[in-house]
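Note sheet for the following structure.
Start at 1 with the first residue, then count along the sequence.
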Amino acid sequence: MFGILNFETFILAGILLNLTPGADTMYILGRSISQGKKSGIVSALGISSGALLHCIFAALGLSILLAQSALAFGIVKYAGAVYLVYLGIRALVSKSTPTTLPKETVTDQNYSKIYISGILTNVLNPKVALFFLAFLPQFIDPKYTANTLPFFILGLTFVITGTIWCLLLAVFSARLASKIRKNPKVKTWLDKTTGFLFILLGIQLALNKK
């Protein structure tokens with residue numbers, strides 16, 4: 001079908017890979033636990049949008065540039081690392097918002113920023129691009145490797161299953177932390193922990209090699 005091989009095996013493998021903890025998982029957990037369910041959901045949608053862009057890049061062959069060019073790979077990698085460290089520092093220096101403020105006052109101004117942050121966190125991780133280049137072709141008939149359609153179908157399937165998992169992760173982790181966040185001191189601690197987490201993710205990305 002459309003040059004795709006073992007589609008059922010691909011779905012199962014994709015689900016197992018999505019369940020494996022990674023930088024995206026830690027990012028969503030950090031947002032959900034420190035900022036609540038809505039922020040976690042928005043961050044998950046941002047991550048999924050970034051993954052969809054990687055899927056499109058892989059289908060169009062743009063991701064090959066990262067695989068073949070050490071300079072391009074390094075630029076994207078360090079840009080992503082700097083961005084994660086920037087997010088971490090912002091979380092560390094920001095003051096906790098009083099829990100008595102209406103939720104709309106706090107969240108409406110930040111949703112677009114959280115969404116864009118999710119996209120950038122994923123797009124600026126060259127490892128994701130290389131993953132799509134290495135993983136998707138294994139389930140495509142060699143006769144169809146020049147065709148973009150099987151790449152889109154497999155990539156979209158992977159993104160959909162990943163989005164479902166990320167949304168579940170955001171909802172349940174936020175629910176578990178909701179009572180804890182009502183304590184201002186604990187909320188501050190969670191925000192700072194999230195900041196350190198982002199910084200560690202940025203350092204890890206910077207140290208990663210192809």
Side-chain angles (χ1 to χ4, degrees), residues 17-54 76-125 127-128 158-206 208:
L17 287 169
N18 283 318
L19 294 177
T20 303
D24 291 345
T25 299
M26 301 308 294
Y27 177 82
I28 294 169
L29 281 174
R31 289 289 192 187
S32 302
I33 293 173
S34 66
Q35 297 177 324
K37 182 177 70 175
K38 291 183 179 179
S39 294
I41 290 174
V42 172
S43 66
L45 294 176
I47 291 291
S48 297
S49 298
L52 183 59
L53 288 176
H54 275 297
V76 174
K77 179 181 74 171
Y78 288 117
V82 169
Y83 185 69
L84 282 170
V85 172
Y86 163 74
L87 290 178
I89 293 174
R90 280 193 58 184
L92 288 175
V93 301
S94 65
K95 296 180 179 180
S96 296
T97 305
T99 54
T100 54
L101 287 178
K103 288 186 177 180
E104 293 77 7
T105 303
V106 178
T107 58
D108 287 349
Q109 298 175 354
N110 296 325
Y111 283 159
S112 60
K113 293 180 180 179
I114 293 173
Y115 177 72
I116 293 173
S117 292
I119 294 176
L120 292 176
T121 299
N122 190 274
V123 169
L124 293 177
N125 187 347
K127 286 286 186 178
V128 180
F158 184 82
V159 171
I160 290 174
T161 57
T163 300
I164 294 172
W165 164 244
C166 289
L167 290 175
L168 291 173
L169 186 68
V171 171
F172 283 104
S173 60
R175 183 172 297 178
L176 289 174
S178 60
K179 294 183 178 180
I180 299 176
R181 283 197 313 274
K182 293 178 181 180
N183 185 321
K185 292 183 179 180
V186 175
K187 185 179 184 302
T188 299
W189 180 82
L190 288 174
D191 291 341
K192 304 307 179 187
T193 301
T194 301
F196 280 117
L197 175 62
F198 288 166
I199 292 174
L200 288 175
L201 289 175
I203 294 174
Q204 181 185 41
L205 178 59
N208 275 339

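In this structure, CD1 in Ile33 is found 12.5 Å from OG in Ser39, a value given to the nearest 0.5 Å. Atom CD1 of Ile89 sits about 5.5 Å away from atom CD1 of Ile199, to the nearest 0.5 Å. Atom OG1 of Thr121 sits about 10.0 Å away from atom CD1 of Ile28, to the nearest 0.5 Å. Rounded to the nearest 0.5 Å, atoms CG (Leu45) and CG (Leu167) are 5.5 Å apart. The OH atom of Tyr115 lies 11.0 Å from the CD1 atom of Ile47; values are rounded to the nearest 0.5 Å. Atom CG of Leu169 and atom CD1 of Ile41 lie 11.5 Å apart (nearest 0.5 Å).
Heavy-atom minimum distance, Leu29 versus Ser173: CD2-CB, 3.6 Å. Heavy-atom minimum distance, Ser32 versus Gly40: OG-CA, 3.1 Å. Taking each heavy atom of Trp165 and Thr25 in turn, the nearest pair found is NE1-OG1, 4.5 Å. Between His54 and Val128, the shortest heavy-atom distance links the atoms CD2-CG1, 3.4 Å. Closest approach of Ser117 to Tyr27, counting heavy atoms only: CB-OH, 3.1 Å. In this structure, Asn122 and Gly50 approach most closely via the heavy-atom pair OD1-C, 3.1 Å.
Residues Ile114 and Gln35 are in side-chain contact: their nearest non-hydrogen atoms beyond the backbone lie under 4.5 Å apart.
Qualifying side-chain hydrogen bond (donor to acceptor under 3.5 Å, both in side chains) partners for Thr163, counting only residues two or more places apart in sequence or in other chains: Ser48.
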